[in-house]
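Below, read A as the first sequence line, B as the second, and so on, with proteins coming before strands; counting in each chain starts at 1. Side chains included, hydrogens not; waters and symmetry mates left out as well; all remaining heavy atoms used.
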Amino acid sequence: MRIAEVVGRVTLSRSHPNLRGGRFPIVLPMTLEALRDGAPTRGEEVVAYDRLGVGLGDLIGLSEGREAANPFGKQKTPVDGYCACLLDAISF
Amino acid sequence: MQLGRIVATATSTLKHPSFEKERLLVVQLESIDGRPDGEPVLAFDRLGARKGDRVVLTNDGASLQEMLGRETPGRWCVLGLPDDL
Amino acid sequence: MFLARVTGSLVATQKVASMTGHKLLIVEPYRVDEKGGDRLVPTGRTFVVVDSLGAGLDEMVLVCQGGSARLTPETEKLPIDAVVIGLVDTVDVRGRVVFSTKSES
């Protein structure tokens with residue numbers, strides 16, 4: 001999981017049936033400078049799947065790759081980015 | 001496995017159920033000479049690692065699934081604290 | 001996942017047997033403009049993806065890549081690494097609409 005900032009969202013007119021009930025925020029991975037000093041540097045954007053209800057400006061734990069689909073268990077779901085947690089605070 | 005340094009701790013209330021009661025650390029992965037490598041990651045820890053510690057992380061999904069359950073979306077966990085590096 | 005625009009379709013008569021009957025599209029990933037954050041810009045990269053949702057030429061789609069691309073009943077046995085999982089309606093960035101199917105047509 002990387003830490004990412006929610007900056008937008010995507011809405012779909014049609015989607016794979018197993019994805020229903022989720023939302024698709026656009027998130028930017030945070031660099032160390034961004035987390036520590038508020039620098040504007042970010043990694044490359046990712047569209048994630050979200051069931052937590054995250055909003056603009058939130059920091060989340062972003063699961064990527066095969067792990068992102070683990071929460072769906074036996075229901076095969078094509079997801080490579082997943083909002084695993086909403087971060088309340090980071091203390092340095 | 002990769003080396004990293006614990007730069008911060010994170011707290012989360014709204015999270016995947018498999019993360020309940022687990023410590024979340026913010027770890028900057030580093031090369032052997034201590035240069036940062038990529039964006040920091042969130043890692044799980046049951047060894048009691050502290051801020052500033054150097055750690056060995058594994059991104060073996062299977063070992064974390066053993067710890068947190070098959071449906072966990074987590075990936076990185078602390079494998080050890082090097083004695084001397 | 002990433003946003004991409006369909007730039008073409010691909011037909012391969014000669015292919016591994018399991019791919020028979022699966023539609024392949026050529027797509028170009030798009031990103032939110034780093035400077036203004038107010039539009040989607042092409043990246044110049046190209047991917048070949050499997051599509052079962054019926055995406056058309058020039059349509060903006062959401063693509064899942066890597067091992068997860070096989071996590072659908074249609075693709076679970078295919079030797080693929082990218083699949084269309086949604087047809088995009090709108091994209092908002094920091095409260096601003098940067099893409100909308102309506103304004104495209």
Rounded to the nearest 0.5 Å, what's the gap from NE2 on A:His16 to SG on C:Cys64? Could you check? 10.0 Å
Using modelled atom types only, decide if a donor and an acceptor are shared between the side chain of C:Gln65 and the backbone of A:Asp80 within a distance under 3.5 Å. no
Quick check for you: to the nearest 0.5 Å, what is the distance between A:Ser13 atom OG and C:Met60 atom CE? 12.0 Å
Flag the pair C:Glu76 and A:Lys74 as a salt bridge only when some basic side-chain nitrogen lies within less than 4.0 angstrom of an acidic carboxylate oxygen. no
Based on non-hydrogen pairs under 4.5 Å, which of A:Leu28, A:Asn18, A:Val79, A:Leu56 is most in contact with chain C? A:Val79
Does C:Leu3 reach the side chain of A:Val47, with side-chain heavy atoms less than 4.5 Å apart? yes
Tell me, do A:Val46 and C:Phe2 make a side-chain contact under 4.5 Å, heavy atoms counted? no
C:Met1 vs A:Tyr49 side-chain heavy atoms within contact, under 4.5 Å: yes
Find out whether C:Thr72 and A:Lys76 are in side-chain contact, i.e. whether some heavy atom of one side chain is under 4.5 Å from a heavy atom of the other. no
Find the distance between OG (A:Ser15) and CG (C:Leu53) and round it off to the nearest 0.5 Å. 7.5 Å
Counting C-beta onward and ignoring hydrogens, is there a side-chain heavy-atom pair between A:Ile26 and C:Val93 closer than 4.5 Å? yes
Any chance you could measure C:Ser68, atom OG, to A:Glu67, atom CD, to the nearest 0.5 Å? 8.5 Å
Can C:Thr90 and A:Thr11 be said to form a side chain to side chain contact (heavy atoms under 4.5 Å, CB included), step by step? CA-CA 5 Å; C:Thr90 62; A:Thr11 62; 2.4 Å; yes
When the 4.5 angstrom heavy-atom criterion is applied to C:Glu34 and chain A, the contacting part is neither
Determine the minimum heavy-atom distance between C:Gly86 and A:Leu12, stating which atoms define it. CA-CD1, 4.0 Å
Counting only heavy atoms not in C:Arg70, do more than 12 sit closer than 6.0 Å to its CZ atom? yes
Max heavy-atom pairs within cutoff under 4.5 Å with chain A, candidates C:Val88, C:Ile85, C:Thr75, goes to C:Ile85
Are C:Val91 and A:Val10 close enough, and set up right, to give a side chain to side chain contact (heavy atoms under 4.5 Å, CB included), and what steps lead you there? CA-CA 5 Å; C:Val91 180; A:Val10 175; 4.3 Å; yes
Side chain / backbone / both / neither for C:Val61 at chain A, heavy atoms under 4.5 Å: neither
Looking only at heavy atoms, the pair that brings C:Arg31 and A:Glu45 closest together is CA-OE2, 3.5 Å
Chain C: which of A:Glu64, A:Arg42, A:Arg14, A:Gln75 shares the most heavy-atom pairs with it under 4.5 Å? A:Arg14
